[in-house]
Amino acid sequence: MGAPTTPATTGTPPRPVPGVPLADRALTRPRRRLVAAAAALVALAAVGAGSLLDLSTPAPKSADAPADAFSAGRAYEDVQVIAARSHVAGSPANEQVRAHLEQQLRGLGLETEVQDTVAPEAGQLSGAAGGATLARVRNVVARMPGTDSTGRVFLVAHYDSVQTGPGGNDDAAGTSTILEVARALTTGPRPRNDIVFVLTDAEEACLCGASAFAASHPLAADGGVVLNLEARGSTGPVIMFETSRNNAKLVDIFGRAAPHPVGTSFAVEIYRALPNDTDFTAFLDQKFVGLNSAYIDGGAIYHTPLDTPAAMDRGSLQQHGDNALGLAREFGGTDLTDLRSGHDATYFPVPGGLVRYPGWLTVPLALLAVALVGALGWLTRRSGRASTGRLAAGFALALVPIIAAPVAAQLLWLAITTIRPGYAELLDPYRPIWYRLAVLALASAILFTWYALTRRRIGPAALAVGGLAWLAVLGVLLAVAVPGGAYLTTVPALAGALCGLVALRTRQTGPWPVVAVTAAAAVGVVILLPTVVLLFPALGMAMGGVAALVAVLLGLVALPVVDLLHPQAGGQRGLLALRARRLAVLPAGAAAVAAVVLAGVGLGVDRFDAAHPAPTHLMYALDAGTGQARWLSHESDPQPWTDGYVDGVTDVGDDFPGLGDGELRAGPAQSANLPAPKLEVVADATAGGERTLRLRLTPQRVARLATLHVDTSTATVLRADVAGRSVPVEPRAGKWGFGLVFHAPPAEGIEVVLTVRPIAGQVSLRAMDASDGLDALPGFRPRPPAVGVVGSHSSEMLAVARTYPL
Ligand SMILES: [Zn+2]
């Protein structure tokens, strides 16, 4: 196997070259190649622009928009009331928000009530390591009775916020959208089906409001269709990112009825792998079907004090509302009795709509792609464009950029976070666009460099087929492991193989080979560019390598177009070839320079300041028994401000089991004069070796949550009831082998009944409560302007604990 040789002399235009693959033969003259490359790139840029335009948000409608339309202007007025301040479940501020919601819904003439109950956590929240979790919740529920109902449509959003921020987006976006959708629905003819507006409480704490509604509200008894509305950022398109199982019919309605349907079956797969949860989790059982939507870009402000109404992109709010209203009307008029189809759909956005096909097609399509790429390879060999050895080498070498680009993207981010450690505590930088572009430039540089180095030895045809082969193989792997994501590589591989076959079979002197390879690259752009764009905010820069991987896959589909950038078809020798090789490094060099410049611009532009502070995590824990107090931080590598409070690493599991497991940074603090929660024995009876303790746990200050743990070396917990509800007694690790966490404890306290088998004498219990805000603590120095608060459920928490031997 030798390099294809063709005599070419300098000074005369090179003659057509036998053995030059795909589009090359008609294009051996540099000027013609340049024209073809320019035409192909313009076409691809147009397709890319169309794809990006399809992901843009609609213009927000003003407050004087027609009454039957959704107006972001009107909804935003509610956003300002809901998110005026932090309103965590159980707080007086949350009571004011609830009063506003009730008033608005009643004002529309809807039957409105408050479901006031105690409920356990839905699903399994990460970080809820304290033990069984419950909350006192107050959901606002309003019903619009249908004219001839076949079932219920539930529009769900949570109205509570985190303690660290006002929740201007999370979830004033969903809550205000539901109010405005309810208003718009009341102006038109009444829908056939019941529409139920469910504004839940304590989502941030434990999804307990949604859990209470799904499990015990009479309107939820027969199930129905749930549309959950969320925001995990401040901007970007609203993505329908989660569905119930067997979603084909739901997705079909979504594609038809949502005016701006952005959603992909790949997101469903990613979301399942991420440690996130929303209210929708509480509805994922037999009774309900549904769709979960959120906008997620601008994640830097998520759960922080910066998540204010002013931070909201009202275009995102408009899209939430347009889609929710369209879906409410469609589901409101559809026969809801049979929305569960036997399969999941594959779906993804394309300009102008949502492509969907049944999930059972995933494996056959993946195998077809393998077969067609195989046929392309066979024909390529038969036509003399590449030997078997070169095809094998092309396949092996195509793995290089597939691995190198994501690794390089991760290393780039490692370098950037080394320069700016504050990024470690952010979901995404405040201005991530420069870093995202840097990752794409880096992926391009790697692909172009790899191509320039391998092209002459292996040949363009073998490399193009090798790249497609990887896409086809990945399609099979995804079809088996992550079926919703298989389309990402299967469809471009199919398009590449079909267009490659066309390019081989058409007259090589005409424009058709170039048209064919450009068409294949266009399919790659339509399928993969939105994925790249949506993956960045979904995963954050810390996982930018995933977007780099997808970008390289797009590059592999477009290799024959990339080849046109090389000023000379393969095979020439001499001075011209030397000049051509020098020119061939231009795209690679340009992309590499761009990557460095873009990363540098990012570091220059995205500096921390008062409006974009570097988030820090701090909490305070006081042992009321010993008087010992500590500052604690979750930061693994504390930033300068946090460093003023903490030094060594500690495990607080023995002293503060309510804070969960895991190592924290800790430092000594002055003891504040704060009362521990009171634990009173209401009744105490022993019979048959079992001791039953009826206890009342009452925080002595305004507390967001209270916890109670039992030292299981002193007694084995047999049964536990909290506020009349039985809770699981599965042991947790460590000294405090049984625990419970109660959010939004009522002023009169929480009744806990424990049935235990004593092991030795007294039973040892540890009670803790937690409030928010460190400002009043002795020794606390306020943050300077450019230092902010991490958006986490334990940020700024003030915990007081005490042991009670009973
Ligand atoms: Zn949230």
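Just follow the structure's listing: the first ligand is 1, and inside any ligand the first atom is 1. Keep in mind it's a predicted model, so treat the numbers as computed, not measured. Counting from 1, the numbers follow the sequence of the chain as shown.
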N/O donor-acceptor pairs under 3.5 Å from side chains in residues 208-216, not counting sequence neighbours:
residue : atom : partner : partner atom : Å
Ser211  : OG   : Pro120  : O            : 2.8
Ser216  : OG   : Gln115  : NE2          : 3.4
Ser216  : OG   : Ala212  : O            : 2.8

(request) Kindly indicate whether the side chain of Val198, heavy atoms from C-beta on, has any atom under 4.5 Å from the side chain of Leu155. (result)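 A side-chain contact under 4.5 Å is absent here.
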(request) Less than 2.8 Å from the Zn ion (ligand 1) is the window; count the protein N, O or S atoms in it. (result)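 Protein heteroatoms (N, O, S) closer than 2.8 Å to the Zn ion (ligand 1) number 4.
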(request) Decide yes or no on side-chain contact (heavy atoms from CB on, under 4.5 Å) for Thr278 and Glu242, but give the supporting numbers first. (result) CA-CA 10 Å; Thr278 70; Glu242 189 182 15; 4.2 Å; yes
(message) Would you say that more than 12 heavy atoms from the other residues, nucleotides or ligands in this model lie under 6.0 Å from the CH2 of Trp434, or not?
(response)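 Open: at most 12 neighbouring heavy atoms sit under 6.0 Å from CH2 of Trp434.
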(message) Assess whether a salt bridge exists between Asp769 and Arg704, defined as any Lys/Arg side-chain N lying under 4.0 Å from an Asp/Glu carboxylate O.
(response)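 Salt bridge: no.
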(request) Using side-chain hydrogen bond (donor to acceptor under 3.5 Å, both in side chains) as the criterion, point out the one residue from Thr57, Asn169, Asp313 that pairs with Tyr295. (result)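 Going through the options one by one, the only one that passes is Asn169.
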